[in-house]
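The structure under discussion appears below in the form of structure tokens.
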Amino acid sequence: MSYNGVIERYREYLPVTENTPIVTLKEGNTPLINAAHLSKLMGGDFQVYLKYEGLNPTGSFKDRGMTVAISKACEDKATAVICASTGNTSASAAAYAAKSNLKCIVLIPKGAIALGKLSQALAHGALILAVDGNFDAALDLVREITQKYPVTLVNSLNPYRIEGQKTASFEICDCLGTAPDFQVMPVGNAGNITAYWKGYKEYNAKGKITKLPKMLGFQAEGAAPIVRGHPVKNPKTIASAICIGNPASWKRAEQARDESGGLIDMVSDAEILQAYKLLAAKEGIFVEPASAASVAGLLKLAKNNYFIKHQTSNIKQPIRIVCILTGHGLKDPDRAIKTIKPPKVVKANMKAVLKEIGY
Ligand code: AN7
């Protein structure tokens with residue numbers, strides 16, 4: 001059977017009708033990969049899985065929400081969409097707007113988004129405005145513009161974005177045949193943790209699963225408003241995607257944390273980079289730094305014996321932990337080049353090359 005994207009697959013859970021023109025790039029259906037090295041590092045009966053959202057059409061999880069937001073914008077006869085973005089939302093909005101012939105405007109914090117993401121928004125023909133300020137300032141502007149002008153907001157404040165993004169939790173449950181015990185993920189503007197939790201609760205209400213996971217969110221230390229309990233004025237982290245000081249879905253992230261009995265904690269840039277390198281070198285998966293925050297969080301909690309202490313079931317089976325890898329490593333190639341030793345230059349002769357290989 002051919003695959004036609006998240007709206008077709010999970011139509012009964014989504015706010016679409018036969019009148020909704022479906023705009024899809026066949027997003028979703030991303031792999032849930034068994035992480036052997038990480039599982040072993042956990043030191044117990046654990047199975048760690050990686051939900052590789054970097055394999056969506058524009059390279060991040062945003063596509064799941066964008067297919068619904070843009071389809072509904074078309075149904076509502078919108079002519080233009082707008083978002084503020086740390087990069088991935090702008091890339092996704094620009095691609096889906098291009099596909100549906102909508103005008104797309106994106107406001108990005110000047111000089112603060114990764115090169116891959118900027119190149120995508122450029123290529124898809126969005127009107128890109130680099131705001132001399134941070135993401136939070138850009139989001140404030142976009143909120144005000146959409147209240148006054150006929151342009152549709154496609155940030156995750158748009159409820160259709162959350163609806164689409166919740167399909168990732170359906171996929172995880174469909175793949176495992178149950179909900180995981182724990183889910184670990186990065187938190188920026190907090191739309192995604194809101195979406196996953198909504199998805200799990202809906203699947204539970206439908207009887208598709210019989211337990212709910214504990215939701216474990218991680219912010220970067222320099223951009224951790226939820227952990228610190230107040231907005232951060234000048235957020236700073238190498239994980240530019242989650243460099244956000246005043247998340248739009250703050251309250252709903254706390255709700256997901258509290259209802260699930262989970263937590264929202266933070267990891268340092270050094271921990272993020274360590275996880276970033278480990279994922280690439282030991283699991284064969286290249287992610288952008290923000291995505292590595294989930295694995296950095298996993299390792300931090302494992303070190304503190306969190307998972308053993310918070311094990312919920314007594315049934316003899318491995319504890320299942322899913323880490324969400326939200327964006328592809330190619331989004332931010334500069335980071336790899338800055339973080340990992342550059343290639344060695346050798347003379348163009350056989351002797352020099354063989355010597356370096358060790359033959
Ligand atoms: C790779 O693109 O906010 O907590 O404007 O790109 O739902 O915000 C991106 C966020 C995690 C955090 N990982 O998700 C944007 C933007 C990656 C991201 C997040 C983002 P939310």
Side-chain angles (χ1 to χ4, degrees), residues 30 51-56 58-66 69 82-95 106-109 112-114 116-118 120-121 126 128 131 134-139 142 153-158 161-162 164-166 168 183-199 215 217-220 223-226 235 237-250 252-254 256-257 264 267 272 275-276 279 286-297 323-332 335:
T30 56
K51 180 70 170 161
Y52 195 13
E53 289 287 279
L55 293 188
N56 275 294
T58 77
S60 88
F61 70 97
K62 304 285 182 183
D63 296 341
R64 295 179 182 276
M66 210 53 75
I82 189 169
C83 64
S85 181
T86 58
N88 280 325
T89 300
S90 66
S92 185
V106 306
L107 270 63
I108 54 170
I113 82 167
K117 306 172 188 182
L118 182 59
Q120 289 177 288
I128 307 171
V131 174
N134 60 26
F135 168 82
D136 303 288
L139 185 59
V142 161
L153 178 72
V154 292
N155 279 102
S156 57
L157 288 160
N158 178 330
R161 281 275 315 279
I162 304 288
Q165 282 173 215
K166 77 186 177 190
Q183 174 172 311
V184 195
M185 66 194 301
V187 173
N189 213 23
N192 212 26
I193 190 168
T194 302
Y196 270 97
W197 185 236
K198 185 168 198 286
M215 303 294 285
F218 282 88
Q219 303 194 293
I226 300 176
T237 168
I238 53 110
S240 57
I242 53 171
C243 192
I244 295 175
N246 190 15
S249 299
W250 186 320
R252 289 190 293 175
E254 290 182 334
R257 174 194 68 193
I264 297 178
V267 283
I272 290 172
Y276 171 79
L279 276 167
F286 191 29
V287 299
E288 63 170 289
S291 307
S294 63
V295 170
C323 293
I324 313 300
L325 303 180
T326 45
H328 202 287
L330 291 172
K331 291 276 190 174
D332 193 357
R335 182 49 56 193

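Numbering of ligands and ligand atoms starts at 1, following listing order. Just so you know, these numbers come straight off a predicted model, no measurement behind them.
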Protein heavy atom at shortest distance from atom 6 (O) of ligand 1: Asn88 ND2, 2.7 Å
Geometric class of the His328/Phe286 ring pair [parallel <30°, tilted 30-60°, perpendicular >60°]: perpendicular
Polar atom proximity, Lys117 to ligand 1 (N or O, under 3.5 Å): no
Ser90 N/O to ligand 1 N/O under 3.5 Å: no
Identity and distance of the protein heavy atom lying nearest atom 7 (O) of ligand 1: Asn192 N, 2.8 Å
Contact check: Ser85 vs ligand 1, nitrogen or oxygen atoms, below 3.5 angstrom: yes
Atom 10 (C) of ligand 1 - nearest protein heavy atom and its distance: Lys62 NZ, 3.1 Å
Ser60 heavy atom under 4.0 Å from ligand 1: no
Atom 11 (C) of ligand 1 - nearest protein heavy atom and its distance: Thr326 OG1, 3.6 Å
Contact check, Ser156 vs ligand 1, heavy-atom distance below 4.0 Å: no
Contact check: Glu288 vs ligand 1, nitrogen or oxygen atoms, below 3.5 angstrom: no
salt_bridge(Lys62, Glu53) N-O dist < 4.0 Å: no
Residue and atom name of the nearest protein heavy atom (relative to atom 14 (O) of ligand 1), distance in Å to one decimal: Phe61 CZ, 3.5 Å
Backbone or side-chain N or O of Val187 under 3.5 Å from ligand 1 N or O: no
Numbering as shown, the atoms of ligand 1 that approach Thr89 to under 4.0 Å (heavy-atom distance): 2 (O), 5 (O), 15 (C), 16 (C)
Close N or O approach (Ala190, ligand 1; < 3.5 Å): yes
Distance from atom 19 (C) of ligand 1 to nearest protein heavy atom, with residue and atom: Ile242 CG2, 3.6 Å
Which segment of Ile244 sits under 4.0 Å of ligand 1 when only heavy atoms are counted: side chain
Between OG on residue Ser90 and CG on residue Leu107, distance to nearest 0.5 Å: 10.5 Å
Side-chain touch Asp136/Pro235, heavy atoms, less than 4.5 angstrom: yes
Thr86, any N or O under 3.5 Å of ligand 1 N or O: yes
Sub-4.0 Å heavy-atom contact, Val287 with ligand 1: no
